[in-house]
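Have a look at the structure below, then the notes.
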There are 2 protein chains.
Amino acid sequence: MRMGRPREFDAEMALDQAMEVFWRHGYEGATIAQLTEAMGINPPSLYACFGNKEGLLKAALDRYTKLRGAWMEEVVAAATARDVAERMLMGIADKQTDPANPPGCLLVQGGIACGTGSENVPFELAARRAQNEDQLRDRFVRAKAEGDLKSTSDPAALARYVSAVSVGMGVMASSGADREALRQVADVAVQAVEAQSARK
Amino acid sequence: MRMGRPREFDAEMALDQAMEVFWRHGYEGATIAQLTEAMGINPPSLYACFGNKEGLLKAALDRYTKLRGAWMEEVVAAATARDVAERMLMGIADKQTDPANPPGCLLVQGGIACGTGSENVPFELAARRAQNEDQLRDRFVRAKAEGDLKSTSDPAALARYVSAVSVGMGVMASSGADREALRQVADVAVQAVEAQSARK
DNA sequence: CCACATCTGTAGTGAACACTACATATTTGG
DNA sequence: CCAAATATGTAGTGTTCACTACAGATGTGG
């Protein structure tokens, strides 16, 4: 098997840069010129490595969810449903206002509505958000089984609620909300989960 | 004063059609060709009437917020902070899944992230969302003064919370969540406001 | 050192975009 | 009926977009 000339850039480092461009400008707003410049490569290298613009987005999303996957494990490891919600939402308040990243969440900023030819981008993002929601739901199912949540609680609805608040906070962060403002939202939001807890 | 040839289309009806295109595809995803076709006019008529694409968006946003303004009045007319939140969020669950409109909310679908040259579109949308939030905050300030909310409650934080949930629900609606799912989210969300109520 | 495979940089490609020049049509004021 | 003013439809304009042809560079296997 012949090997040919080796690639001169690091694919993961390049992906990190692409991720940031999509994060800041959205899928449609990000241009190949911006992406290649941020990645430090030329268009042919991008297309040889990732197929096309949408392939690059998917690779960036994979990397994003992989990085966040470890954190989500910490979140669902909290002792109670209430603590899961608090750890999740407070963590999001911090992450979405971390100056090391663009504000908000890539799974929202990436593209909520797209034009003709990119219709599946919003679906792709929604599918990744749904993964987080499923993880939360499973955790809340367990919490209900453990008697941590009321017997009348709906774990799926609770997970969807926490997911909705997360998304809403992401949009606010991207439009300038600061960390303190998001933490206040998280603080109020947790009280709804608390109201579903079996023990006061 | 010379009058010239009168316009052959109704500006408000044309705006309604443009609004729907922006709502479905976002600002960047909507093309002038799609807009003119939906509006039933040709590009020169569009530019003569609205200036440019961004001017058309602003006009559509004005119309959208005007239409929703009446409904917001009903929302804040509810008797208690809790009822305000419930009326708001349940109404949003219904509106965002109304088959007469595209799913979700124009103030979110319009554009959360945009590319170079459209940077102020997200700001424009955020400003309109902030108007609703201010309206809610004023209502919650009153609720606190009336003793309806606890003396420890933060009306601004509560308003920001309800606004965040609304936005999150909008994103969910646009990615396929049905009315029942959104109502469940609203139901949970209201409990946080209930927890801030003075009387159980 | 050679044949081949893969990568890289330059320099484009056609298509789609927002926007407009211009000729024509339809109104009002005199 | 004429002149000025505004609207309309046709048919473009230049620009930017995602994407690629191609030639040269750099590696591996024999």
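Per chain, numbering begins at 1; letters A, B, ... match sequence-line order. This one's a predicted model, so the numbers in the text were calculated from it and none came from an experiment.
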Identify each donor-acceptor pair in which a side-chain atom of residues 35-44 of chain A lies under 3.5 Å from a protein atom, sequence neighbours left out, and give them as a table.
{"residue": "Thr36(A)", "atom": "OG1", "partner": "Ile32(A)", "partner atom": "O", "Å": "2.9"}
{"residue": "Thr36(A)", "atom": "OG1", "partner": "Ala33(A)", "partner atom": "O", "Å": "3.0"}

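- Put simply, the side chain of Arg129(B) gets close to the backbone of Leu107(B): a donor and an acceptor are under 3.5 Å apart.
- We find that CE of Met3(B) is positioned 23 Å from P of dC2(D), with the value rounded to whole Å.
- Distance, Arg7(B) CZ to dA25(C) C1': 17 Å, rounded to whole Å.
- To the nearest angstrom, C1' of dG9(D) lies 10 Å from CD of Glu8(B).
- Lys150(A) contributes a side-chain N or O that, together with a main-chain N or O of Ala195(A), makes up a donor-acceptor pair within less than 3.5 Å.
- Partner of Tyr64(A) under the ring-ring contact (aromatic ring centres under 6.0 Å, His included) criterion, chosen from Trp23(A), Trp71(A), Phe22(A): Trp23(A).
- A distance-only check finds a donor-acceptor pair linking the side chain of Tyr161(B) to the backbone of Ala189(B) [under 3.5 Å].
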Practice problem: Classify every nucleotide of nucleotides 16-25 of chain D by which part a protein heavy atom approaches to under 4.0 Å, writing B for the base, S for the sugar-phosphate alone and - for neither, in 5'-to-3' order. | Solution: -SSBBB--BB

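- Nucleotide dC19(C) holds its P atom 16 Å from the CG atom of Asn42(B), rounded to whole Å.
- In this structure, Phe50(A) places its CZ atom 11 Å from P of dT8(C), rounding to the nearest Å.
- Between the side chain of Asp148(A) and the main chain of Ala81(A), a donor-acceptor pair closer than 3.5 Å is present.
- Going from atom CZ of Phe9(A) over to atom C1' of dC7(C) covers 9 Å, rounded to whole Å.
- A sub-4.0 Å separation between OP1 or OP2 of dT8(D) and a side-chain N or O of Ser45(B) is present.
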